[in-house]
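What you see below is based on every heavy atom in this structure, not just the backbone, and it leaves out hydrogens, waters and symmetry mates. Just so you know, ligand 1 is whichever comes first in the structure, and atom 1 is the first atom listed for that ligand.
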Amino acid sequence: MLRYWTAGESHGKTLLGIVDGFPGGLEIETETIDDELRRRQGGYGRGGRQRIETDRVEILSGTWHNRTLGSPISLQVINKDYRLERLDDLDRPRPGHGDLTGAIKYLGSIRAILERASARETAMRVAVGALTKQLLEQFGIRTIGYVVELGGVCVEPRDAPLDDQLKLRDESIIYSLDPSRDDEVKQLIDETQKQGDTLGGVVEARVEGLPFGLGTHAQWDLKLDGRLAHAVMAVQAIKGVEIGMGFEAARRPGSQVHDPIQYDESQKDGPTLGYVRPTNNAGGLEAGMTNGQPLVVRAAMKPISTLAKPLESVNLSTKQPEAASYERSDVCAVSAASVIIENVVAFEVARALVDKFGNDSLQEMKGRWDLFHQMARQR
Ligand SMILES: Cc1cc2nc3c(=O)[nH]c(=O)nc-3n(C[C@H](O)[C@H](O)[C@H](O)COP(=O)(O)O)c2cc1C
């Protein structure tokens, strides 16, 4: 089983990750992991923290001459903004954070909660996801994440080949697939910042080149749709997850939702094995298994909870009404969320991939992949 853990506080010395069950024999490029970390730090609307950090990953174990050994891989991203020991506690919990609930649950300080609840931890989730993306690429599986809505402004994704979409996304300061809308969104973020307020939005992750049959219909906790929803929902500030047509499917009759099945002999050597679908409203998943179509997952992010013009709160010492505490903060981090969602989705896909094709060595995985496709074509 492929799994990972993270450790580290927002202003602690370092962020750590341990990835267990990763196959041996894959040559790892740390530069591409760093590229993803850099993207996570970017996007218009971020706060001062991102100017301090220049995240870089260091692989501390599990590789030899840059190749994975099949043993646990440990990763580190050092916090340049390490100053935890010098930081004071907060006394006025911020609505939308775990400040109040965490301080009561653990009978302790707000600082103890916010340091770990902070989305700084997602730097490690991105590093782990970016590591697994290198495994997926070995099988021609590729991912992209982008913003489709910000502060109520919809930026429709452009239907284009993945390489063109990646180019468009990288041109956009908000990581959408339509850079011509950047100015409009930038203005909205600037105005919101002036008002001391914050914004949320919707991001989409897409995975192409998937084989049939990742995940399973057979047991609830192994269904890939469920695992994806868990991984995506567990990202800070994510409050909704959709797969394919998502909630819209609930409003339509079945004839306008389900994707007809056709056969095209000329595509039998591709991931669809020739079974083409004129639409992909299911978002690449049926009964918890990939169906050869691209995977499409969307996530709704709430607006950032720390407001420069703080909401009403209570001083925990005096119990008197006071404005919530303010910690240096982003105005909008939806672009960063698109990077995080892409990478946590990549991890879940990689996990399902090793569940199906084994994880002792890359070589064996490739052999089993070829054998499966050979057998499936004869089905
Ligand atoms: C990329 C990213 C950056 C974030 N930056 C901030 C921030 O600067 N200030 C803040 O108050 N919340 C920020 N958040 C949201 C909080 O981490 C999150 O709302 C909080 O931990 C409570 O968790 P919950 O929203 O999942 O309930 C960010 C979230 C993400 C995904």
- Task: May I ask you to list the atoms of ligand 1 that are less than 4.0 angstrom from any heavy atom of A333?
- Result: 1 (C), 2 (C), 3 (C)

- Task: Check if G47 has a non-hydrogen atom at a distance under 4.0 Å from any atom of ligand 1.
- Result: no

- On the 0 to 90° scale, with breaks at 30° and 60°, tag the F357-W369 ring pair as parallel, tilted or perpendicular. tilted

- Task: Could you go through the side chain to side chain contact (heavy atoms under 4.5 Å, CB included) check for E31 and E29 one step at a time?
- Result: CA-CA 5 Å; E31 298 76 21; E29 262 185 35; 3.9 Å; yes

- Message: Please determine whether side-chain hydrogen bond (donor to acceptor under 3.5 Å, both in side chains) holds for the pair Q193 and D190, giving the CA-CA distance in whole Å, both sets of side-chain angles, and the decisive distance to 0.1 Å.
- Response: CA-CA 5 Å; Q193 180 165 27; D190 290 343; over 6 Å; no

- Message: Give the atom numbers and elements of ligand 1 that come within less than 4.0 Å of a heavy atom of A336.
- Response: 1 (C)

- Task: With heavy atoms under 4.0 Å as the rule, classify the contact between T122 and ligand 1 as side chain, backbone, both or neither.
- Result: neither

- Query: Does I33 share a hydrophobic cluster with L15, counting links as ILVMFWY side-chain heavy atoms below 4.5 Å and allowing steps through other members?
  - Reply: yes

- Task: Considering heavy atoms of the protein only, find what lies nearest to atom 23 (O) of ligand 1 and give residue, atom and distance to 0.1 Å.
- Result: A237 N, 4.2 Å

- Note on the structure: Filtering M301, K302, Q236 for the heavy atom nearest atom 19 (O) of ligand 1 leaves K302

- To the nearest 0.1 Å, how far is atom 27 (O) of ligand 1 from its closest protein heavy atom, and which atom is that? K239 NZ, 3.1 Å

- Query: What protein heavy atom sits nearest atom 13 (C) of ligand 1, and how far off is it?
  - Reply: I304 CD1, 3.5 Å

- Item | Contact with ligand 1 for A117, non-hydrogen, under 4.0 angstrom | yes

- H230 and E348, any side-chain heavy atoms less than 4.5 Å apart: no

- Query: What is the nearest protein non-hydrogen atom to atom 28 (C) of ligand 1, stated with its residue, atom name and distance?
  - Reply: A119 CB, 3.6 Å

- Within the distance-only criterion (no hydrogens, no angle test), does the side chain of T272 pair as donor or acceptor with the backbone N or O of G292 below 3.5 angstrom? no

- Task: Please go through Y106's hydrophobic cluster and name the other residues, only I, L, V, M, F, W, Y counting, with side-chain heavy atoms under 4.5 Å joining them.
- Result: I113

- Message: Please verify the inter-ring angle class for F212 with Y275; under 30° counts as parallel, over 60° as perpendicular, anything in between as tilted.
- Response: perpendicular

- Message: If we set the cut-off at 4.0 Å for heavy atoms, which region of E327 has an atom near ligand 1: side chain, backbone, both, or neither?
- Response: neither

- Message: Which residue and atom name correspond to the protein heavy atom nearest atom 7 (C) of ligand 1, and how close is it?
- Response: S329 OG, 3.3 Å

- Message: One residue to check: R328. Relative to ligand 1, which of side chain, backbone, both or neither has a non-hydrogen atom less than 4.0 Å away?
- Response: neither

- Could you find the nearest protein heavy atom to atom 8 (O) of ligand 1 and give me its residue, atom name and distance? D330 N, 2.8 Å

- Scan side-chain atoms only and decide if D259 and Q293 contain a donor-acceptor pair under the 3.5 Å cut-off. no

- Task: If you have a sec, work out which protein heavy atom is nearest atom 20 (C) of ligand 1 and how many Å separate them, to one decimal?
- Result: H97 ND1, 3.5 Å

- Item | Identity and distance of the protein heavy atom lying nearest atom 22 (C) of ligand 1 | G96 O, 3.5 Å

- Could you tell me whether R39 sits above the aromatic face of Y175, with NZ or CZ closer than 6.0 angstrom to the six-membered ring centre and within 45 degrees of the axis? yes

